[in-house]
Structures are given as C-alpha cells and as structure tokens.
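Here is the structure we will look at.
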Number of protein chains: 2
Amino acid sequence: MFDLLYNKIRAFSKIDENQFDHLKTFFVLKKLRKRQYLLQEGDVCKYQAFVDKGLLRSYTVDEKGNEHILQFASEGWWMADLSSYLTNEPSFLNIDALEDVELLLITKPSWEQAMKEIPQLEHYFRIIIQNHLVATQKRLMQSLAESAEEKYNRFLATYPECVQRVPQHMIASYVGVSRETLSRIRKQVAARK
Amino acid sequence: MFDLLYNKIRAFSKIDENQFDHLKTFFVLKKLRKRQYLLQEGDVCKYQAFVDKGLLRSYTVDEKGNEHILQFASEGWWMADLSSYLTNEPSFLNIDALEDVELLLITKPSWEQAMKEIPQLEHYFRIIIQNHLVATQKRLMQSLAESAEEKYNRFLATYPECVQRVPQHMIASYVGVSRETLSRIRKQVAARK
DNA sequence: AAATTAATGTGACATAGATCACCTTATTTA
DNA sequence: TAAATAAGGTGATCTATGTCACATTAATTT
C-alpha cells in the first residue's frame with residue numbers, strides 16, 4: 001500500500017525505513033468508487049491525496065456550466081485543491097474519481113508536522129511542487145501560443161498513459177476546446193494519416 | 001541592498017542575522033538598464049534573480065512573432081526560467097528589464113549549497129514556489145474559463161502596481177489578447193462609466 | 001527641439017472555434 | 001437483456017477575437 005509512496009520519496013530524498021514507518025502514521029487510507037467526489041466546490045480541501053491506484057481529476061465549472069479540467073492524477077501523483085488546502089478557504093475546484101481509486105490522505109496539520117519531524121520531506125515536497133510549477137507554466141504558455149490541434153497533440157505526447165483512460169470530452173476540457181472541436185480535429189488527423 | 005530579501009525571508013522562515021550574513025555571500029549583484037536582457041531564448045538560465053529595484057518580464061515569442069508574457073517581477077519577486085535553471089537545458093523564455101533594475105543573482109549550485117547550509121531556506125523556497133504554483137493554476141483556469149474582458153479586469157485587480165508601470169500592449173500579451181482587442185475593451189469600459 | 005522610435009487607437013475584414021440541434025454508438029445499471 | 005445514461009460524431013450557423021492597414025500620440029534619443 002505504501003510502496004509506491006516510499007519509492008517516489010526516495011527518488012528525490014534520502015529517507016530511511018524508520019523515518020518512513022513514522023511517516024506512514026500521518027496518513028489515512030481512503031477508497032473511492034468511480035464518479036465519487038473527493039472534494040466539492042465550496043467545501044474546504046482538508047486533505048492532500050497521494051494516488052496509489054486509479055485516476056482522479058480536478059476541475060471547475062463556469063457560469064455557463066462548462067467544465068475546465070485543471071489536473072489528472074494517476075498512480076504516483078498528488079492531488080488537492082492546493083489553494084483551499086493552504087488557506088482553509090472554500091474550494092473553487094471539484095475533485096472526483098474517474099476510476100475506482102485507493103488514496104493516501106494527509107491533513108495540513110499532519111503534513112506540516114511530518115515535515116518538521118522528517119526534514120528531508122520538506123526537500124521532497126519542494127522538488128515535487130517545483131516540477132509541478134514548471135509543468136503548469138509550460139501548459140499556460142502553450143495555451144496562450146498554440147492552436148487547438150497543437151495543444152491536443154502536445155497532450156497526447158505529454159500524457160500518453162492518460163489518453164487510454166480518459167474519455168475524449170475530458171481531454172477536450174483539459175486542452176481547452178469544445179468536445180465538438182476536438183472531435184473534428186481527431187477526424188482531420190485521422191484523414192491525413 | 002539586502003534588506004528587502006532579508007524581510008521577505010523572515011516573513012516565512014526564522015533566520016538569524018549570522019545566517020543571513022552567510023547567505024549574502026552566495027549572491028552577486030547585477031544592474032541592468034531598461035530594455036537589456038537578463039536571459040535570451042536558447043541560452044541556459046544560469047541565475048535566479050531576486051528583484052531589489054525595478055521591473056522585469058519573462059516571455060516567449062511564437063512562430064508568428066507574437067510575444068506571450070509569462071511573468072512580471074517587481075521589487076521583492078523572484079525571476080528565472082525555472083525549467084532551464086533546473087535542467088541546464090536551453091531556455092525557451094526571454095527575460096528583459098522594463099525599467100532599470102538592481103538584482104541579486106544566485107546560481108543553481110550556490111542556491112543548493114545555501115539550502116544545505118541554512119535549512120530554513122528550503123522551507124522559505126518551498127513556500128514561495130507553492131504560492132507561485134497556486135497563482136499560476138488560478139491564472140490557467142481563468143484563461144480557460146473567462147472572456148478577454150474578465151481576464152483584463154482580473155489582471156487590474158490582481159496586479160495594480162504593475163498597471164501603472166507596464167505599457168498596454170504588454171498587459172495584452174500577458175492577458176492573452178491582441179493589443180487591438182485590449183484597446184477596444186478599454187474603450188468599452190470607459191464608455192460604460 | 002527635431003528626429004526617431006514606441007505606444008495606442010480604430011475601421012474593415014477574416015477566421016478559429018463555439019454553439020445548437022440532432023443522430024449514432026458504447027457503457028452502465030437495474 | 002432491456003432500459004437508461006454517457007460518450008462521441010457531424011452539419012449549419014454564430015461570434016469573439018485576430019489580422020491588416022493606416023492614423024495619432026507619447027516617449028526617447030541625438
């Protein structure tokens with residue numbers, strides 16, 4: 001259950017088995033069925049989730065009712081509404097399960113306590129968050145500079161694992177185009193081949 | 001010269017004067033005139049810059065020659081092409097000065113050394129990067145969900161200091177609209193008042 | 001202070017992508 | 001396995017925003 005997390009942490013930070021055993025005690029386990037919410041808009045995000053199995057998404061719904069996906073998280077990724085988690089303010093994101101999932105949850109107080117007691121964790125999270133920032137900045141620049149088709153192709157290249165597991169209309173709402181437009185792009189791409 | 005940085009670090013991290021004196025030795029000072037580059041596309045980003053005075057921007061130029069601004073950085077902010085800085089790969093961003101600037105530069109080896117020798121720095125940077133990520137995620141979601149006018153208004157509300165110091169066509173290229181469209185939006189807004 | 005360069009404004013027109021309406025095909029659920 | 005629900009496709013039309021071309025004003029530079 002904790003193997004994946006252990007490996008991920010050791011990839012960036014030297015942590016020994018005793019420390020990791022201690023770290024385990026800060027987490028609670030949670031299983032969700034497909035379509036269940038981990039977080040709903042308006043609630044405070046009490047947990048950060050490490051995905052051990054399955055697939056989650058975070059998204060907003062705008063006034064017109066359109067969904068905009070911020071993130072997919074499969075095995076080995078973290079998921080939360082970071083803004084709400086940090087500030088304790090109501091979330092503007094929804095998080096739900098695209099498949100049955102098994103999660104390791106940690107509250108903000110536990111998280112901070114864990115970093116205090118195991119200083120290498122601060123380093124691990126700094127690196128994780130830093131990589132996440134780099135990826136988000138790239139996506140932002142691409143969303144400003146590229147056409148719908150380029151953004152779609154880049155999604156395929158960047159997240160090949162997701163492509164198999166996520167329905168097209170969600171890819172559309174991640175890429176930032178309507179599902180109809182994505183469908184037409186796919187048709188064109190197929191025709192060219 | 002180092003006062004601003006000292007205050008910023010102490011806002012999130014308890015660091016004493018001796019430690020800070022030591023930290024100072026990792027930085028080099030740099031002044032740039034308006035319009036000078038700190039970094040050009042294709043070069044490796046060797047320094048992270050803390051802005052002590054003045055205003056910088058980072059941006060890409062797409063194939064059509066359009067500029068897309070990723071970030072403005074005024075007094076108290078950090079600026080770099082984080083991706084290039086971390087990986088040592090050629091940058092896809094340009095960074096230049098919008099005003100005469102005074103910067104504190106730190107190389108990646110110095111930065112990592114400093115965090116090793118002064119562990120509270122790791123915490124400071126984790127927090128800084130985390131806040132940066134939250135802001136970038138918000139901007140990304142807004143760029144997907146909002147109209148040109150909404151994005152412009154949000155820019156005005158979020159960065160009032162910048163509005164006075166940055167020309168309109170750069171605000172346009174931060175918000176993600178053409179300078180002509182921004183000009184028309186401003187006309188409409190003025191007419192409604 | 002004249003000359004140059006940068007910034008801004010505005011009309012006419014073009015276009016990528018959204019929206020709407022409806023249909024077909026999968027996948028769940030009972 | 002039938003019924004219900006979700007996903008995906010496609011034509012017709014609409015629209016926000018981009019693009020181009022040129023004019024005006026402001027800010028630098030010599």
Side-chain angles (χ1 to χ4, degrees), chain A residues 32-37 54-55 57 59 61-69 72 96-100 142-156 162-192, chain B residues 32-36 54-55 57 59 61-69 72 96-100 142-156 162-191:
Chain A
L32 285 182
R33 292 294 210 51
K34 185 169 176 177
R35 272 170 236 276
Q36 278 194 289
Y37 284 105
L55 183 59
R57 89 226 244 230
Y59 62 100
V61 181
D62 67 24
E63 333 79 59
K64 292 184 211 140
N66 295 317
E67 291 177 0
H68 303 279
I69 293 181
F72 296 110
D96 63 18
L98 301 185
E99 304 171 354
D100 295 356
Q142 288 153 13
S143 89
L144 292 175
E146 295 184 345
S147 70
E149 182 173 342
E150 288 169 318
K151 284 183 267 186
Y152 173 61
N153 284 328
R154 199 177 290 276
F155 178 83
L156 297 186
C162 274
V163 175
Q164 314 306 320
R165 296 164 77 179
V166 171
Q168 297 302 322
H169 73 272
M170 288 190 193
I171 296 180
S173 101
Y174 181 95
V175 167
V177 298
S178 69
R179 56 180 200 82
E180 292 94 336
T181 295
L182 184 64
S183 170
R184 285 169 190 128
I185 288 170
R186 283 159 53 77
K187 193 183 176 183
Q188 282 176 24
V189 171
R192 278 206 296 274
Chain B
L32 286 182
R33 291 296 210 49
K34 186 173 175 173
R35 273 169 234 275
Q36 277 192 292
L55 183 60
R57 88 224 245 229
Y59 62 100
V61 182
D62 67 25
E63 332 79 58
K64 293 183 211 142
N66 294 318
E67 292 177 358
H68 303 278
I69 295 181
F72 295 110
D96 63 17
L98 301 185
E99 304 172 353
D100 295 356
Q142 287 153 13
S143 88
L144 292 175
E146 295 184 345
S147 71
E149 183 172 341
E150 288 169 318
K151 284 184 267 186
Y152 173 62
N153 284 329
R154 199 177 292 274
F155 178 84
L156 297 185
C162 275
V163 177
Q164 315 304 320
R165 295 163 77 177
V166 171
Q168 295 302 322
H169 73 274
M170 290 191 191
I171 295 180
S173 99
Y174 180 95
V175 167
V177 298
S178 69
R179 56 181 200 78
E180 292 93 335
T181 296
L182 184 64
S183 170
R184 284 170 190 128
I185 287 169
R186 284 160 52 77
K187 194 182 175 184
Q188 281 175 23
V189 171

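Note that this is a predicted model, so its numbers are computed, not measured. In what follows, chains are A, B, ... by sequence order, proteins preceding strands, each numbered from 1.
Residues B:Glu180 and A:Glu146 both approach DNA chain C. Their nearest nucleotides, taken by heavy-atom distance, put B:Glu180 toward the 5′ side. Both A:Arg35 and B:Thr181 lie near DNA chain D, and the one whose nearest nucleotide falls closer to the 5' end is A:Arg35.
Protein atom CD1 of A:Ile171 is 8 Å distant from nucleotide atom P of D:dG8, rounded to whole Å. We find that OH of A:Tyr152 is positioned 10 Å from P of D:dG8, with the value rounded to whole Å. Between A:Gln188 atom CD and D:dT10 atom P there is a gap of 12 Å when expressed in whole angstrom units. Between the P atom of D:dG18 and the CG atom of B:Asp62 lies a distance of 12 Å, rounded to the nearest Å. Atom NE2 in B:His68 sits about 12 Å away from atom C1' in D:dG18, given to the nearest Å. Rounded to whole Å, the distance from CD on A:Gln164 to C1' on D:dA7 is 17 Å. D:dT17 atom P lies 17 Å from atom NZ of B:Lys187, rounded to whole Å. Rounded to an integer number of Å, the gap from NE2 of A:His169 to P of D:dA7 is 4 Å.
A nucleotide of DNA chain C counts as in contact with chain A when one of its atoms lies under 4.0 Å from a heavy atom; the first and last such, 5' to 3', are C:dG17 to C:dT28.
We find that B:Arg35 and B:Asp96 are not joined by a salt bridge, their nearest charged nitrogen and carboxylate oxygen being 4.0 Å or further apart. Salt-bridge annotation for B:Glu67 and B:Arg179: absent, with no side-chain N of the basic residue lying under 4.0 Å from a carboxylate O of the acidic one. Using a cutoff of 4.0 Å between basic side-chain nitrogens and carboxylate oxygens, A:Arg154 and A:Glu149 are not scored as salt-bridged.
Considering only the side chain of A:Ser183, D:dG9 comes nearest among D:dT19, D:dG9, D:dA21. The A:Arg184 side chain lies nearest to D:dT10 when the options are D:dT19, D:dA7, D:dT10. Nearest nucleotide to the side chain of A:Arg179, out of D:dG8, D:dT10, D:dT17: D:dG8.
No donor-acceptor distance shorter than 3.5 angstrom exists from the side chain of B:Asp100 to the backbone of B:Arg33, with no hydrogens or angles considered. Of the possible donor and acceptor atoms, one in the side chain of B:Glu150 sits under 3.5 Å from a partner among the backbone N and O of B:Ser147.
Every residue two or more places apart in sequence or in another chain that forms a salt bridge (Lys or Arg N to Asp or Glu O under 4.0 Å) with A:Glu99 is listed here: A:Arg165.
Residues A:Leu32 and A:Ala97 share a closest heavy-atom pair of CB-CB, 4.4 Å.
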